[in-house]
Asks: 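I'd like to ask some things about the structure below.
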Amino acid sequence: MSLQSVREFFAEHAPDITIIELEQSTATVAQAAAAHQVEPGQIAKTLSLKIKDKAILVVAKGDARLDNKKLKETFGAKARMLSSDEVVILTGHPVGGVCPFGLENPLDVYCDVSLQQYEEVLPAAGGTHSAVRISPQRMASLTAATWVDVCQ
């Protein structure tokens, strides 16, 4: 589903956005930054977390690290990363292609304020070889994301 569900999402909500598909893998921040010729921070990585019994997505700049203390203060409990299997089941996207678009299940999306330093970021687009170029504000708007400060 994944890449196709993201295509459908953009066809419905933002037909002006084009999905970029590359030959080389963009599954890691370093690979994506090299492939798109941008600094690692411009890669918008989507992290799949579980807080208590709820799965959420946090989108942050590629070279940012989550701050466990800020996560706990923001969400009221300790967060843990989802397993690869949980990620695929909940998002419909493979690890390395997870994005807040075209999700298999409705999940709350949070964008870290670290993204706001860029005019344009590149989140994955449902596959390990795909991405989109989008402003952080538009990404947050399209995904009904809440802005948070949860990175170091």
Side-chain angles (χ1 to χ4, degrees), residues 2-3 5-7 9-51 54-82 84 87 90-103 106-152:
S2 187
L3 179 57
S5 69
V6 175
R7 274 195 184 102
F9 176 88
F10 283 117
E12 182 178 341
H13 301 286
D16 59 303
I17 294 178
T18 303
I19 295 175
I20 304 162
E21 293 183 75
L22 301 175
E23 292 293 320
Q24 69 267 44
S25 175
T26 55
T28 68
V29 169
Q31 290 171 328
H36 294 288
Q37 299 178 337
V38 297
E39 59 184 82
Q42 265 187 280
I43 302 303
K45 64 182 175 184
T46 302
L47 304 166
S48 307
L49 305 174
K50 189 159 227 174
I51 299 173
K54 185 175 184 177
I56 65 166
L57 299 180
V58 173
V59 186
K61 71 180 196 152
D63 56 1
R65 293 182 53 109
L66 288 174
D67 182 313
N68 289 325
K69 185 178 178 193
K70 286 183 178 181
L71 276 167
K72 190 171 183 180
E73 288 171 1
T74 301
F75 297 108
K78 189 176 177 181
R80 76 165 176 83
M81 298 293 282
L82 295 178
S84 298
V87 169
L90 290 170
T91 67
H93 303 317
V95 172
V98 177
C99 63
F101 317 110
L103 297 169
L107 296 171
D108 288 342
V109 177
Y110 297 88
C111 288
D112 187 74
V113 294
S114 62
L115 293 167
Q116 293 177 347
Q117 73 186 75
Y118 300 104
E119 288 183 28
E120 181 179 75
V121 293
L122 287 97
T128 57
H129 294 74
S130 62
V132 294
R133 289 181 177 269
I134 190 169
S135 75
Q137 292 74 17
R138 186 153 187 218
M139 178 174 58
S141 175
L142 285 170
T143 60
T146 301
W147 287 101
V148 292
D149 181 2
V150 293
C151 290
Q152 295 175 350

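Heavy atoms only: backbone and side chains are in, while hydrogens, waters and symmetry mates are out. Quick caveat: nothing in here was measured; it's all calculated off a predicted structure.
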Asks: State plainly whether the residues Lys61 and Glu39 are in salt-bridge range, i.e. N to O under 4.0 Å.
Replies: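 Glu39 and Lys61: not salt-bridged.
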Asks: Quick one, Phe10 with Thr18, criterion side-chain contact (heavy atoms from CB on, under 4.5 Å). Give me CA distance, side-chain angles, the key distance, then yes/no.
Replies: CA-CA 8 Å; Phe10 283 117; Thr18 303; over 6 Å; no
Asks: Under the side-chain contact (heavy atoms from CB on, under 4.5 Å) test against Leu57, which residue among Val87, Leu103, Leu47, Thr143 passes?
Replies: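 Exactly one pass, corresponding to Leu103.
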Asks: Within a 6.0 Å radius of atom CD on Gln37, are there more than 12 heavy atoms belonging to other residues, nucleotides or ligands?
Replies: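 No - once you tally the heavy atoms of other residues, nucleotides and ligands closer than 6.0 Å, there are 12 at most.
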Asks: Might you work through the side-chain contact (heavy atoms from CB on, under 4.5 Å) test for Val38 and Ile43, ending with a clear yes or no?
Replies: CA-CA 8 Å; Val38 297; Ile43 302 303; 3.8 Å; yes
Asks: Could you tell me if the side chain of Val59 sits less than 4.5 Å from the side chain of Val121, heavy atoms only?
Replies: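 When only atoms from C-beta onward are counted, Val59 and Val121 do not touch, as no gap falls below 4.5 Å.
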Asks: Looking at Arg138 and Asp16, is any side-chain nitrogen of the basic one under 4.0 Å from a carboxylate oxygen of the acidic one?
Replies: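 Salt bridge flag = yes for Arg138 with Asp16.
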Asks: Taking Lys45 for its side chain and Ala64 for its backbone only, find out whether a donor-acceptor pair lies under 3.5 Å.
Replies: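 Here the side-chain-to-backbone pair exists.
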Asks: Which heavy-atom pair separates Gly41 from Asp63 by the least distance, and what is that distance?
Replies: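 Taking every non-hydrogen atom into account, CA-OD1, 3.4 Å.
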Asks: Quick one: does Asp112's side chain have a donor or acceptor within less than 3.5 Å of a partner on Val150's backbone?
Replies: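 Confirmed, Asp112 side chain pairs with Val150 backbone.
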Asks: Going from CD1 on Ile17 to OG on Ser135, what distance comes out if it is rounded to the nearest 0.5 angstrom?
Replies: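 It is 8.0 Å, given to the nearest 0.5 Å.
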Asks: Nearest 0.5 angstrom please: Thr26 OG1 to Gln31 CD, how far?
Replies: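 Thr26 atom OG1 to Gln31 atom CD measures 7.5 Å (nearest 0.5 Å).
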Asks: Looking only at heavy atoms, what is the nearest atom pair of Val29 and Gly62, with distance?
Replies: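 It is CG2-O, 3.6 Å.
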Asks: Checking the side chain of Gln42 only, and the main-chain atoms of Glu120 only, is there a donor and an acceptor separated by less than 3.5 Å?
Replies: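 Side chain of Gln42 to backbone of Glu120: a pair is present.
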Asks: How long is the straight-line distance from CG of Leu22 back to NE2 of His36, given to the nearest 0.5 Å?
Replies: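 Going from the NE2 atom of His36 to the CG atom of Leu22 covers 4.5 Å.
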Asks: Start with the C-alpha distance between Ser48 and Met81, add both sets of side-chain angles, then the distance that settles side-chain contact (heavy atoms from CB on, under 4.5 Å), and finish with yes or no.
Replies: CA-CA 6 Å; Ser48 307; Met81 298 293 282; over 6 Å; no
Asks: Whether the side chain of Thr128 engages the backbone of Gly96 through a donor-acceptor N/O pair (distance < 3.5 Å, no angle test) should be reported.
Replies: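 Flag not set: sc Thr128 to bb Gly96 has no pair under 3.5 Å.
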Asks: Tell me the closest heavy-atom pair linking Ser130 and Gly127, and the distance in Å.
Replies: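 Looking at all heavy atoms of both residues, the shortest contact is OG-N, 3.2 Å.
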Asks: Between the side chain of His93 and the main-chain N/O of Pro100, is any donor-acceptor distance below 3.5 Å?
Replies: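 Pair absent, no side-chain N/O of His93 close to backbone of Pro100.
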Asks: Mark yes or no for whether Lys50, through its side chain, and Arg80, through its backbone, hold a donor-acceptor pair below 3.5 Å.
Replies: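 No.
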Asks: Where the side chain of Ser5 meets the backbone of Ser2, is there a donor-acceptor pair that is under 3.5 Å apart?
Replies: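 Yes: the side chain of Ser5 pairs with the backbone of Ser2.
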Asks: Among Val95, Ile56, Leu90, find the residue that satisfies the side-chain contact (heavy atoms from CB on, under 4.5 Å) test when tested with Leu82.
Replies: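 The option that passes is Leu90.
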Asks: Measure the acute angle between the ring planes of Tyr110 and Phe75, then classify it against the limits of 30° and 60° as parallel, tilted or perpendicular.
Replies: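 Aromatic pair Tyr110/Phe75 classed perpendicular.
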Asks: To the nearest 0.5 Å, what is the distance between NZ (Lys78) and CG (Leu71)?
Replies: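 Taking NZ in Lys78 and CG in Leu71, the distance rounds to 11.0 Å.
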Asks: For the pair Thr46 and Val58, evaluate side-chain contact (heavy atoms from CB on, under 4.5 Å) and give the outcome as yes or no after the intermediate values.
Replies: CA-CA 6 Å; Thr46 302; Val58 173; over 6 Å; no
Asks: Which pair of heavy atoms, one from Ile51 and one from Ala77, lies closest together, and at what distance?
Replies: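 In this case the closest contact between Ile51 and Ala77 is CG2-CB, 3.8 Å.
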Asks: Can you confirm whether Trp147 sits close enough to Gln116 that some side-chain heavy atom of one is under 4.5 Å from a side-chain heavy atom of the other?
Replies: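 The answer is yes, as the side chains (C-beta and beyond) meet within the 4.5 Å cut-off.
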Asks: If you take all heavy atoms of Leu142 and Ala14, which pair is closest and at what distance?
Replies: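 That would be CD1-CB, 3.9 Å.
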Asks: Once you round to the nearest 0.5 Å, how far does CG of Asp67 lie from SG of Cys151?
Replies: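 These two atoms lie 8.0 Å from each other.
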Asks: Where do Ile19 and Ala125 come nearest, in terms of heavy atoms and distance?
Replies: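 In terms of heavy atoms, the two residues are closest at CG2-CB, 3.9 Å.
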Asks: To the nearest 0.5 Å, how far apart are CD in Gln152 and CG in Asn68?
Replies: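 Rounded to the nearest 0.5 Å, the CD-CG separation comes out at 8.0 Å.
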